[in-house]
Amino acid sequence: MNVFYWTVAGTASGLIIVGLWGVLTRKNILRIGLAFTIADTGVNLLLVWSGYLPGRTTPILNGDVPAAEAVSAVVDPLPQALVLTSIVIGVAVAALFVVVAVLASRRLGTADIRRMKELKW
Amino acid sequence: MIRTLFVLLVLLVLAAAATSVIPHLKMRTELDGAGLEYARRGLEDTGSINLVTAVIVAYRGLDTLGEVVVLFSAATSVMLILSLFPLGRGPTDPSFIVAHTARVLPAPIMLLAVYFTTHSHLSPGGGFPGGTIMASAFLLVMLGSSSTPAGSKILPALEALSGTTFGLLGLWGTMTLGQFLNNRVIGIGNPGYLVSAGIIPLVSLAIGVKVASEFSGIFAAFRKSGGNR
Amino acid sequence: MNPSLASALAVFLGGMMLAASVVVLFVRDLLSAIIITGMISLSASVLFLLMDATDVAITEASIGAVLATLIFLWGKGKMGGRE
Amino acid sequence: MNNTLAFVSVGLMAGGIFLAFLRLLVGKTGPDRAVALDTITLISTNLLVFIALFEERSMLMDVAIVYSVLSFLGVLALARYLDGGLR
């Protein structure tokens, strides 16, 4: 039973659930964006967690970690590489979200998503 | 009422799906699959002692190119929307402390960003963090004034140049070794030194400048749409 | 790092992040919600470092501390009084 | 690294972070919370340096450098917002 391992998994899942809850229930459109960012952080944590191996070290093979022992000494580098791009994409998407939200709220005179009838179908 | 029930239903279905996974989870203790191969052969294949950079730039370089395209389209959409619908109301002048900080600090931050970008194969860092730190330096210049910085006119050119460099470095591998973004086109040198790992530092620099110019462009568009004072 | 120390730190940081994420949804002032979201990102960066993901920790620190916070602050400034 | 020293120092830093976190949650105005965020990031930077010390890998210090510089920038952006500079 590794406490660290399962605590991180629980934190990440909790952040995803709280973020989804916020996206589904909040009224202010900017706060929906904030909840989306929180869910994004949770997903990134969960992805990095999937590549974590207890008791190992960073995948950088300098003098501290000889290259011959790399297989038994480092964590999985693949999820880290994926998350690195995912974080940058996430903030670009958040910028697009904020711009569209600001324009919609200025056009309709309100930031309340219940009043944005033109977005409904 | 219906809304609340629907939200509860969605969250319950998600929670049930997550709960059904829990009994099958077990702690990973050994590398397997692609990660095992990257850890075993990464150093001799690419010459980069930072395996994460090796995966991003060399092994999964094509995916990184696609990711940069996604970033480009998001940033372009932001700039397009803001140039079509200006938003009025310019900023106030900065206070004494902010103005003087913004005069002194951008150069050290840019130095830090260049260090992270060019040493991506030796130490933590790489194109993406280096690029965001460069964008932070630009942002600091922007915070220290109430107008758009004069240098923001070359941002589109910088963006195009770095994107083209990335593509051409990839095509170089296709021409000589028959593999896109193969980093052995100029030899991998002696791992652990600054000039090593083939084209990885160059590609990292291209990615860094690309990311920096995208984010700086977003901030410049923000400031321009607010109008100068 | 000592496993029990890492576990204690993870429990502490994870509890803080979860409490803060719930507060973001319910705090009245939008500026406070943005600041608390920045704090969640920075704590996530420490967790990434504890999980030996150094590059991800650097990226998350630079993005979460400056860029995301600033984008949302700009949006709030543009929206003005429309809450 | 001495085990007791590690526990005591990290415990003290966690206590400091927790007190600032309470201020972050219950703080009355926006500027109160901005100052609390600044305090949290300052103490977290020390935490990152200690993590690098315990792991005995000097390159983890790079994260602490970025964290300190950029958390300062974030608080500066917040201050500029309160000043009216992000409109």
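Proteins get letters first, then strands, A, B, ... in listed order; numbering begins at 1 in each.
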Is there a side-chain contact (heavy atoms from CB on, under 4.5 Å) between I36(C) and L24(D)? Walk through the geometry before answering.
CA-CA 7 Å; I36(C) 296 171; L24(D) 188 75; 4.0 Å; yes
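Interface remark: of the candidates L31(C), I35(C), V66(C), I35(C) forms the most heavy-atom pairs closer than 4.5 Å to chain D. Annotation: maximal heavy-atom pairing with chain D below 4.5 Å, among V27(C), L49(C), T69(C), occurs at L49(C). For the set V46(C), D52(C), L42(C), the entry with the most heavy-atom pairs within less than 4.5 Å of chain D is L42(C). Each of V75(D), L73(D), V66(D), L48(D) has some count of heavy-atom pairs under 4.5 Å with chain C, and the biggest count is that of L48(D).
Between I17(D) and M16(C) the shortest side-chain heavy-atom distance falls below 4.5 Å.
Applying the 6.0 Å contact sphere to CE of M61(D) captures no more than 12 heavy atoms from other residues, nucleotides or ligands.
Interface remark: V63(D) contributes backbone and side-chain atoms alike to the contact with chain C (heavy atom separation under 4.5 Å). Neither the backbone nor the side chain of A8(C) has a heavy atom closer than 4.5 Å to any heavy atom of chain D. Using a 4.5 Å cut-off between heavy atoms, F18(D) contacts chain C through both its backbone and its side chain.
A distance of 12.0 Å separates CZ of F50(D) from CG of L9(C), quoted to the nearest 0.5 Å. How far OG of S32(C) is from CG of L37(D): 11.5 Å, rounded to the nearest 0.5 Å. Taking OH from Y81(D) and CD1 from I34(C), the interatomic distance works out to 6.5 Å, rounded to the nearest 0.5 Å. Separating the OG atom in S4(C) from the CZ atom in F7(D) is a distance of 3.5 Å, to the nearest 0.5 Å. Within the model, atoms CG of L5(C) and CG of N3(D) stand 8.0 Å from one another, a figure rounded to the nearest 0.5 Å. Rounding to the nearest 0.5 angstrom, the gap separating the CZ atom in F54(D) from the CG atom in L50(C) is 11.0 Å.
Residue L73(C) comes nearest to A77(D) through the heavy atom pair CD1-O, 4.2 Å, listed as atom of the first residue, atom of the second, then distance. Here the closest heavy-atom approach between residue A14(D) and residue F12(C) is recorded as O-CZ, 3.1 Å.
Partner of M39(C) under the side-chain contact (heavy atoms from CB on, under 4.5 Å) criterion, out of T41(D), L25(D), I40(D): I40(D) alone.
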